[in-house]
Each structure stands twice: as C-alpha cells, then as structure tokens.
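Written out below as structure tokens is the structure these notes cover.
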Amino acid sequence: MPIKRKRPRIPGWLRGVIWAVVAIAVMSTASYATGVSALTSSNTASTALRLALPILLCALGGLWAERVGVINIGLEGMMILGTWGAAWGAYYGGAWVGLLAAIAFGALGGLLHAVATVTFNVNHIVSGVAINLLGLGVAKYLANLIFEPLSGNPRQSPPVPKFDTYSAAGLSDWLGSLEDQQRVGLSDVAGILRGLVTGVAPLTMIAIVLIPVSYWILWRTRFGLRLRSCGENPVAAESLGVNVYRYKYVGVLISGGFAGMGGASLVLLKGGADYLENQTNGRGYIGLAAMIFGNWRPGGLLGGAALFGYSDGLQLAGGGDAVLALLYGAVILLAIIVIVQLIRKRWIAAALGVVGAGILYAIYWTNDTLPSDLIPYTAHFVTLIVLAVASQRLRPPKADGAQYRRGEGD
C-alpha cells in the first residue's frame, strides 16, 4: 500500500505575508475599479495604524490570559481603567508617566480578575462582566473626583501631554511622490507604506515589538512553555511541579497591563482625544475578537487588529463612499476564496462564498452611499462577519475557562 505523503506546511509568517500581499492587491483593484483612492491612501493607513493600536494591545492581553487558561472578558474594563490612569499620570508627569500609570491601573483590574477566577474559582465570564462594570464605575468616580475641578467637566480630563511622533523623512517624501503619481498598484503600495512610516509614536513601536517578543516568550522559553501548559492541562502541569496558581496570576496581570496600554493609546497619541468617558467604545471586545480571529497566536491577532483598525480608519478617512468601496473589495476577495475552494473541491464552502459575494455585490450595486448612522459601526460589523467565517478553524487552549483547584490530580 503506497504511503501518503503529507503536503509541506507553509510557515505561519509566510502565510501572513501572502495574505497581506493578497489584501493589498484586492484593495488596489477595488480602488482602481471604484475610483475611491481612500482605500489605499496614506491618510487611511496612518489613521488605521493609530486605531489598530488599542485593539492590538487588548488582543495581546487576551492572548496572555487565555494561554494560561483564564478567559478575560474584562479587557474592556481594564482598558477603561487604563484611559483614566494615562490621563492622570500624563497630566502630572508627562506621557511616559501616563503610560506607566495606565499599565498599573490595567494590571490592577487584571489582579482583581485573577483573585476572583483563580483564588475563588468564580466563573470567568461573570468575573469579566463585573470587571467591565467596575472599571466603568471606578473611572467615572475618579474623573468626578480629580478631573472636574481641573477641567470643569466630570466626563473629560484637562488637556494632557501626548507622545511625540517621528517620521522617516527621506523615505516618507519619496513614497509621497510615488503616491501622488497615481500609478495603479505602485501608488497604492506607496500610500500604505507612507502612512505606516509617517508620524509614528514610540508607543506604536513598542506595541509592534511586543508581537515577536510575546511569541518568543510564550513559544521559545521554559517560562512560556509552563505558562501555556497551565492553559492546556493544569492538572498535568501541577504533577510536573508547575505552580499553576502563580502562572495564572502572572498571565492575567500581564493581560491587564496590556489592556491598560491599549487605553493609554487612546489618550496619549496625537490625533486622539484626551480622557473622555466611554471613549473605549467597545474596543476591548473587538480586541478579544481579534485574538480569536488570530487563533490565539501573536501573528494571527496582528492580522485581526490590522483588519479591524483598517475598517475603522477607512470610515473616518473616507466616509460612506469608502466603506461602500470596501464592499466591492470584499466581493473580489470572496471570488478568490471561491476559486481556491473549488480547486480544493470544497463545494459547500464555495457555494456559501458565492452567496456571500452576491449579497455584498447587490448591496454595493443598489446603493450610492451607506446610511450615515451605520458607518461608525463598520469595525463592529466586520468583527461579526470575520468571526462567523473564521469559527470553523479555531483551536483555543483546551483548559481555557475551565475551573481549577490545586490538588485536583491527587
């Protein structure tokens, strides 16, 4: 009987590069076909980078918590605490002090979640919802106590220092000249790259570096192996001498710190507002969705954060016309996916892709623009659609959300 050889597995980083190239090609084609240059403009890319940052940091926070077996629905509340901490620290000590304060306040929320879920074995979802409500209430109380005498508004902080931004001057100018030439493909790539290297804050660079650092720690170190073992099989980990409680606390504390950094990015980056009540606007939940879309992997959640940040930035930079053009790009992408599924002989998936492409094209064809009331929720709609499509290939940690008590294996 002949031995069936396995097809060589494409490395994760290469798969991400391929998807990025496909996405740029699709947006370039859609921009040319619809005449909407905002799809690939430097302004859209720059705005998307800023808006993707809090989602990326929250997704990283969710990754650290869930890899240790703790579901962290409370990312939104920890992020809210981070926004208040960032404004308070920055007002009195500058942007870097604000960042440290945001991390501390987010980690405090993580500590409360760890105490509830790890020590007292509270249901993770219940604890997370409580953290969200508590974070909102604490931030509101502190804003009334501290900010109202300074700004005269209990829902807003006084102006706070922002991080300086830096640009690759020569490269940015050269890319700008290519973008202005409006060459199909070339100008689109130049516009996207220009937006990514112009006006970049230190916090943005730190967040990007945290992606490979998190991968290296979690997948290439003894500490990371032990931490992930607590999320896969805590009883087996305990039998090998791993202090499961300690690692769960560490993972959830780091998770809260990252969520606090996400809140700081809303307050301390130029182009964003100072502290405002409810300014997170559900980004903690979107960060959780980005982590799930990325299949609990650092590189995958980077793609999810980029997707959601891009859709949010596009509606700000281009309005309803740009979002409608994005639907045209989605039709092209679905057509490519249908072809791939037909080659693989996955007939049901191909049929569903055809139906989805038909619905999106009908919406695009029958509308000159989208209702203005729906446009601000573009990222939320994208979140729901992406999670529905990606749900078939997800593989969470086996003990994610499972209740655990020390000595269960005895």
Side-chain angles (χ1 to χ4, degrees), residues 9-17 53 55-72 75 78 99-100 102-104 106-111 113-114 117-119 124 202-262 287-288 290-306 394-402 404 406 408-409:
R9 183 178 177 84
I10 300 176
W13 66 267
L14 181 57
R15 193 182 300 115
V17 170
L53 199 59
I55 298 172
L56 172 63
L57 289 166
C58 273
L60 266 180
L63 173 74
W64 277 82
E66 301 211 7
R67 277 296 175 181
V68 83
V70 178
I71 296 176
N72 194 355
L75 288 169
M78 299 171 196
L99 176 60
L100 294 176
I103 295 172
L108 181 60
L111 177 62
H113 189 48
T117 57
V118 179
T119 301
H124 298 191
L203 180 54
T204 305
M205 293 182 264
I206 291 172
I208 293 173
V209 169
L210 284 173
I211 297 294
V213 168
S214 292
Y215 172 79
W216 178 76
I217 293 175
L218 290 174
W219 273 269
R220 291 293 184 266
T221 66
R222 182 179 299 176
F223 168 81
L225 175 62
R226 291 176 176 176
L227 186 145
R228 287 189 296 115
S229 70
C230 297
E232 296 291 341
N233 193 331
V235 174
E238 183 186 30
S239 69
L240 295 174
V242 176
N243 189 329
V244 177
Y245 276 23
R246 180 189 300 167
Y247 278 90
K248 284 182 177 289
Y249 264 88
V250 170
V252 180
L253 279 171
I254 293 175
S255 174
F258 280 151
M261 287 181 69
L288 193 64
M291 179 209 65
I292 296 172
F293 168 78
N295 217 358
W296 290 265
R297 304 280 293 193
L301 65 85
L302 174 62
L394 299 179
R395 195 273 183 196
K398 289 183 180 179
D400 192 16
Y404 164 80
R406 184 176 289 148
E408 283 184 347

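Along the sequence shown, residues are numbered consecutively beginning with 1. Not measured: the values here are computed from a predicted model.
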Provide the closest heavy-atom pair for [X] versus [Y] in the form atom of the first, atom of the second, distance.
{"X": "L53", "Y": "A207", "value": "CD1-CB, 3.3 Å"}
{"X": "V244", "Y": "A237", "value": "CG2-CB, 4.3 Å"}
{"X": "C230", "Y": "K248", "value": "O-NZ, 3.9 Å"}
{"X": "N72", "Y": "S255", "value": "ND2-OG, 2.8 Å"}
{"X": "C58", "Y": "G287", "value": "CB-CA, 4.1 Å"}
{"X": "D400", "Y": "P396", "value": "OD2-CB, 4.5 Å"}

Between [atom1] on residue [X] and [atom2] on residue [Y], distance to nearest 0.5 Å:
{"X": "L56", "Y": "L210", "atom1": "CG", "atom2": "CG", "value": "8.0 Å"}
{"X": "F258", "Y": "L63", "atom1": "CZ", "atom2": "CG", "value": "9.0 Å"}
{"X": "I254", "Y": "I103", "atom1": "CD1", "atom2": "CD1", "value": "11.5 Å"}

**OP:** Apply side-chain hydrogen bond (donor to acceptor under 3.5 Å, both in side chains) to T119 and Y245, showing your working.
**Re:** CA-CA 8 Å; T119 301; Y245 276 23; over 6 Å; no
Subject >> Test side chain to side chain contact (heavy atoms under 4.5 Å, CB included) applied to L302 and I208, step by step >> reply: CA-CA 9 Å; L302 174 62; I208 293 173; 6.0 Å; no
Original post:
Going by the angle between their ring planes, with limits at 30° and 60°, are Y247 and F223 parallel, tilted or perpendicular?
Top reply: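 Y247 and F223: tilted rings.
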Original post:
Using 30° and 60° as the class limits, which term best fits the ring planes of H113 and H124: parallel, tilted or perpendicular?
Top reply: perpendicular
Subject >> Side-chain (E232) to main-chain (P397) donor-acceptor, under 3.5 angstrom >> reply: no
Side chain to side chain, [X] and [Y], heavy atoms closer than 4.5 Å:
{"X": "R228", "Y": "V68", "result": "no"}
{"X": "L60", "Y": "M261", "result": "no"}
{"X": "M291", "Y": "R297", "result": "no"}
{"X": "L218", "Y": "W296", "result": "no"}
{"X": "E66", "Y": "L288", "result": "yes"}
{"X": "R395", "Y": "N295", "result": "yes"}
{"X": "Y404", "Y": "V118", "result": "no"}

Original post:
More than 12 foreign heavy atoms under 6.0 Å from CH2 of W216: is that the case here?
Top reply: no
